[in-house]
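The next block holds one structure in the form of structure tokens; read it before the comments.
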Amino acid sequence: PDVIAAGWDLLGWMKDEKNLADEIEALRSHAPILTEDTYCTFVYTLQMTIRRVDGQPLPSGQGSVRTIALVGEGRALIDRSHAELGLHGAYAAAAKIGCADDGDGPTMDRLGTFLDRAGAVGADAALLRDGRTLHDRLGAEVRLRSRLTRLPTDFRLPVEDMTSKEAKQYWQESDIGHIKRTP
């Protein structure tokens, strides 16, 4: 009876290990995870399998080492998938910004946070590249807007075909530049 029970336990453990390996491969083949549907289908299923495997005692021997390695690999893929899904969502929100200004700071910060997370877990290179490109563009737009507000607005533009007499009347003292000498 003890041998039969141990055999059933071993068989259950072997099935769980096979399911774990299959689900890891399925998640890897569908990466990057960009939608909630694929998240629920692959990531959530793998999470539940890992939880089930963690709840069972592992048999001694070489098989337990493989299972521990598979659990670690599965957790790393889950972390990567979380980061990719979050980055994709933050990217989608930031991509709706036509031309960034100071009010878009929270959206840009969120994108930057997910870029850091995704980069730390080795997320999809194309997703990271697109996210960084968008983040850099939005940051440049905010800086450009800031600089444009500092430009002077009270100046006269040259008028074509102006005679010298008209030019003397048109240009004011404030229109002429001066060099300030500093010690």
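The chain is numbered in sequence order, starting from 1.
Note that the CZ atom of F114 and the CD atom of E84 stand 12.5 Å from one another [nearest 0.5 Å]. With values rounded to the nearest 0.5 angstrom, R110 atom CZ is found 9.0 Å from T113 atom OG1. Atoms CG and CD1, from D54 and I50 in turn, are 7.5 Å apart once rounded to the nearest 0.5 Å. Atom OG1 in T107 sits 10.5 Å away from atom NE2 in H135 (nearest 0.5 Å). With rounding to the nearest 0.5 Å, the separation of NE2 in H88 from CG in L34 is 5.0 Å. Put simply, OG1 on T67 and CG on L20 are 7.0 Å apart, with the number rounded to the nearest 0.5 Å.
Listed for the R143 side chain is a donor-acceptor partner under 3.5 Å among the backbone atoms of G139. Remark: side-chain polar atoms of E166 are paired, donor with acceptor, to backbone N or O of T163 under 3.5 angstrom. Looking at D104, its side chain does come within 3.5 Å of a backbone N or O of D101 through a donor-acceptor pair.
For Y44, the OH atom counts as loosely surrounded, since its 6.0 Å shell holds 12 or fewer non-hydrogen atoms of other residues, nucleotides or ligands. Counting non-hydrogen atoms of other residues, nucleotides and ligands closer than 6.0 Å to CD of E36 gives a total of 12 or fewer.
A salt bridge is absent between D136 and R132: the closest approach of a Lys/Arg side-chain nitrogen to an acidic carboxylate oxygen does not fall below 4.0 angstrom. The pair E141-R145 does not meet the salt-bridge criterion, since no charged nitrogen lies less than 4.0 angstrom from a carboxylate oxygen.
T133 places none of its side-chain heavy atoms less than 4.5 Å from the side chain of R137. You'll find the side chain of I33 stays beyond 4.5 Å of the side chain of R80, heavy atoms only. Using a 4.5 Å heavy-atom threshold, the side chains of E17 and V53 count as separate.
When hydrophobic clusters are built by joining Ile, Leu, Val, Met, Phe, Trp and Tyr residues whose side-chain heavy atoms come closer than 4.5 Å, directly or via intermediates, I97 is grouped together with V142. Hydrophobic clustering (ILVMFWY, side-chain heavy atoms < 4.5 Å, transitive): V71 and I24 are in one cluster. Both L46 and L70 sit in one connected hydrophobic cluster of ILVMFWY residues. Membership requires side-chain heavy atoms under 4.5 Å apart, directly or through other members. Follow the hydrophobic side-chain contacts under 4.5 Å out from L138 and you reach L128 in the same cluster.
In plain terms, the two heavy atoms of S29 and A26 that are nearest each other are OG-O, 2.9 Å. Here the shortest heavy-atom pairing between A95 and L134 reads N-CD2, 3.6 Å. When all heavy atoms are compared, the tightest approach of A83 to A118 is CB-CA, 3.7 Å.
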Any chance you could lay out the side chain to side chain contact (heavy atoms under 4.5 Å, CB included) test for L87 and R117, step after step, and finish with the verdict? CA-CA 8 Å; L87 177 57; R117 287 182 191 168; over 6 Å; no
Given the rule in the salt bridge (Lys or Arg N to Asp or Glu O under 4.0 Å) test, do R75 and D79 qualify, once you have shown the distances and angles that lead to the verdict? CA-CA 6 Å; R75 286 190 174 130; D79 290 344; over 6 Å; no
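Listed by chain and number, the residues in a side-chain contact (heavy atoms from CB on, under 4.5 Å) with R181 amount to none (sequence neighbours excluded). R52 meets the side-chain contact (heavy atoms from CB on, under 4.5 Å) test with D16, N19, T49, Q56; sequence neighbours excluded.
A side chain to side chain contact (heavy atoms under 4.5 Å, CB included) with Y39 holds for exactly one of T41, V43, D37, T35; it is V43.
Between the side chains of E23 and T45, no donor-acceptor pair is found at a separation under 3.5 Å.
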